[in-house]
There are 2 protein chains.
Amino acid sequence: MTDIKSEVDGLCREEEDLRQGIELLYFAYREFTAEPDAILAQLGLGRAHHRAIYFIGRRAGITVSELLATLRITKQSLSRVLKQLLQGGFVIQAAGASDRRQRLLRLTDKGIELERRLTEAQRNRIAKAYREAGDEAVTGFRQVLTGLLDAADRRRFVGATKRSQA
Amino acid sequence: MTDIKSEVDGLCREEEDLRQGIELLYFAYREFTAEPDAILAQLGLGRAHHRAIYFIGRRAGITVSELLATLRITKQSLSRVLKQLLQGGFVIQAAGASDRRQRLLRLTDKGIELERRLTEAQRNRIAKAYREAGDEAVTGFRQVLTGLLDAADRRRFVGATKRSQA
DNA sequence: CATATATGTCAATATGACTGACATAAAATC
DNA sequence: GATTTTATGTCAGTCATATTGACATATATG
């Protein structure tokens, strides 16, 4: 059974476990964004452009509203980013067919190429971590991260907790 | 055996797996910082202050150099943050005993209290995700995140991949 | 004494976010 | 058809976080 001393130890260990999780997230996220940031800097773009390009590439024809809801930033913030991507020829807009107020966003070939370059760096890094850790660890990784999400974000990943089987 | 079609499927699934990992990290990190950011905003502070407070709390007596190396920002960036924390009475400095050029940083009681409030939000969130996912998943979570780190950051977590046993 | 190190500071700049206000076009509703 | 709501864009001002580059000071070290 647990005497007082080992309960204290248990509390310290739990605290230590949680702090390690906090720190791992911080350091891993920093590392995760470092490479794309370096590529973007050479083009005079920033991380915000990567996010926009990423989600436009992920869902071709996404509306501005949907993109705003995904990124959870103000339209004024997105506006500048989107304007630069349009001017740079990375993204094109088209009026929606059923609702012509909508501006449906798509990557150009140039945009697709940039998205590939940016995301490849992250994909390689994740792929390496997945390979080293193994399938079981990847499932755990996903479970814990999914548990950190709020309800709205979790809906994006329904049925995606387990790794797809090849 | 694998015919062409299922190989294509396999590639798509792998791509999908990796993109889900990328997105989970993005959404989870955003969620993870949301609560502390809200608390900090009320005090006229920002996320950078949380980071400084966190690592000073984590290692009382840390030097400015060590903090800079941990955060990987310029001293000019840290300077402003640290000045505000000193002025706000969250942090105190003391000259090092063996090297009096050093400014050893410590949280005041007020700083400890703020650190607790800020980190508690994150700790609760992680604790909930850990509980829901289970010990095995937590181990996997740590393995994958550790795999994302660069060599320097990984050294911070040597022997910490597995969850401590109670 | 000369040099290197730990720290601090001034100035200018960039990025990414915010709030608030206002504008326009198109859809939806009464 | 007139009104209202929605989707989007834009102007202006502000803030927080980061950068580079240059320079200053105190202390340690050879």
Side-chain angles (χ1 to χ4, degrees), chain A residues 26 29-30 33-34 36-56 61-88 91-106, chain B residues 26 29-30 33-34 36-56 61-88 91-106:
Chain A
Y26 167 62
Y29 190 77
R30 180 176 69 185
T33 50
D37 283 354
I39 296 169
L40 288 156
Q42 294 178 329
L43 297 168
L45 302 174
R47 197 179 291 181
H49 301 92
H50 186 191
R51 288 177 187 153
I53 284 181
Y54 181 89
F55 287 109
I56 294 169
I62 192 174
T63 66
V64 173
S65 298
E66 288 167 340
L67 189 52
L68 284 173
T70 300
L71 297 172
R72 293 193 195 165
I73 56 174
T74 59
K75 62 179 174 175
Q76 294 89 330
S77 297
L78 180 58
S79 166
R80 191 178 125 275
V81 168
L82 221 43
K83 194 183 284 179
Q84 288 168 307
L85 291 178
L86 288 162
Q87 286 173 351
V91 170
I92 42 167
Q93 294 182 325
S98 58
D99 184 340
R100 287 177 42 218
R101 289 172 304 181
Q102 295 179 334
R103 296 285 170 269
L104 308 185
L105 303 169
R106 280 191 162 68
Chain B
Y26 167 62
Y29 191 77
R30 180 176 68 186
T33 50
D37 283 355
I39 296 169
L40 288 155
Q42 293 177 330
L43 298 169
L45 302 174
R47 196 178 295 180
H49 301 91
H50 186 191
R51 289 176 187 154
I53 284 180
Y54 180 89
F55 287 110
I56 295 170
I62 191 173
T63 66
V64 173
S65 297
E66 288 166 341
L67 189 52
L68 284 173
T70 300
L71 297 172
R72 294 194 195 165
I73 57 175
T74 58
K75 64 178 174 176
Q76 295 89 332
S77 296
L78 181 58
S79 166
R80 192 181 125 273
V81 167
L82 222 42
K83 194 183 285 179
Q84 288 168 306
L85 292 177
L86 288 162
Q87 285 172 352
V91 169
I92 42 167
Q93 294 183 325
S98 57
D99 185 339
R100 287 178 42 219
R101 289 171 305 179
Q102 295 179 332
R103 295 287 171 269
L104 307 186
L105 303 169
R106 279 191 163 68

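In the text below, chain A, chain B and the rest are named by the order of the sequence lines, each starting its count at 1.
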> Between C:dT7 atom P and B:L86 atom CG, what is the distance in whole Å?
Replying inline: 13 Å
> So which nucleotide from C:dT7, D:dA18, C:dG16 ends up closest to the side chain of A:R80?
Replying inline: C:dG16
> Taking for each residue the nucleotide of DNA chain C with the nearest heavy atom, is it A:T74 or B:R103 whose nucleotide lies nearer the 5' end?
Replying inline: B:R103
> Which part of the nucleic acid, if any, lies within reach of B:K83 when heavy atoms closer than 4.0 Å are counted: base, sugar-phosphate only, or nothing?
Replying inline: sugar-phosphate
>> At 4.0 Å (heavy atoms only), tell me whether B:Q93 reaches a base, stays on the sugar-phosphate, or touches nothing.
In response: sugar-phosphate
> Between CG of A:L104 and CD of A:E66, what distance do you get to the nearest 0.5 Å?
Replying inline: 8.5 Å
> What residue pairs, at least two apart or across chains, pass salt bridge (charged side-chain N to carboxylate O under 4.0 Å, His left out) with a residue in residues 67-77 of chain A?
Replying inline: A:R72-A:D150, A:R72-A:D153, A:R72-B:E31
> What nucleotide, of C:dT7, D:dT8, D:dT10, holds the atom closest to the side chain of A:Q76?
Replying inline: D:dT10
> Think A:R100 has a side-chain N or O under 4.0 angstrom from the OP1 or OP2 of C:dA27?
Replying inline: no
>> I need the B:L71 CG to B:Y54 OH distance, nearest 0.5 Å.
In response: 12.0 Å
> Atom CZ of B:R101 and atom C1' of D:dT25: how far apart are they, to the nearest Å?
Replying inline: 12 Å
>> It should be established whether A:H49 places a side-chain nitrogen or oxygen under 4.0 Å from OP1 or OP2 of nucleotide C:dG16.
In response: yes
> Rounded to whole angstrom units, what separation is found between the CG atom of B:L67 and the C1' atom of C:dA6?
Replying inline: 14 Å
> Considering only side-chain heavy atoms of A:K75, which listed nucleotide, C:dC22, C:dT7, D:dT17, is closest?
Replying inline: C:dC22
> Nearest of C:dG16, D:dA7, C:dC18 to any side-chain atom of A:A48?
Replying inline: C:dG16
>> Taking side-chain hydrogen bond (donor to acceptor under 3.5 Å, both in side chains) as the cut-off, I'd like each qualifying pair that reaches into residues 91-101 of chain A, sequence neighbours left out, listed once.
In response: A:D99-A:R101
>> I need the A:R80 CZ to A:L82 CG distance, nearest 0.5 Å.
In response: 11.5 Å
>> Could you tell me how far apart B:Q84 (CD) and D:dA16 (P) are, to the nearest whole angstrom?
In response: 8 Å
> Rounded to whole angstrom units, what separation is found between the CZ atom of B:R30 and the P atom of C:dA17?
Replying inline: 11 Å
> Taking the nucleotide of DNA chain C with the closest heavy atom to each, which residue, A:D99 or B:E66, is nearer the 5' end?
Replying inline: B:E66
> In whole angstrom, what separates B:L68's CG from D:dT20's C1'?
Replying inline: 15 Å
> From B:Y29 OH over to A:R30 CZ, what is the distance, rounded to the nearest 0.5 angstrom?
Replying inline: 9.0 Å
> Measuring from B:T33:OG1 to B:R47:CZ, what's the distance to the nearest 0.5 Å?
Replying inline: 3.5 Å
> Which of the following nucleotides, C:dA17, D:dT19, C:dA6, is nearest to the side chain of A:I73?
Replying inline: C:dA17
>> At a heavy-atom distance below 4.0 Å, what parts of residues 38-47 of chain B sit against DNA chain D?
In response: B:G46, B:R47
> To the nearest 0.5 Å, what is the distance between CG (B:L78) and CD1 (B:I73)?
Replying inline: 5.0 Å
>> Using OP1 and OP2 only, check whether a side-chain N or O of B:S77 sits under 4.0 Å from D:dT19.
In response: yes
>> If I take atom CG in residue B:L78 and atom P in nucleotide C:dG8, what distance separates them, rounded to the nearest angstrom?
In response: 8 Å
> In whole angstroms, how far is the C1' atom of C:dA6 from the CD1 atom of B:I62?
Replying inline: 14 Å
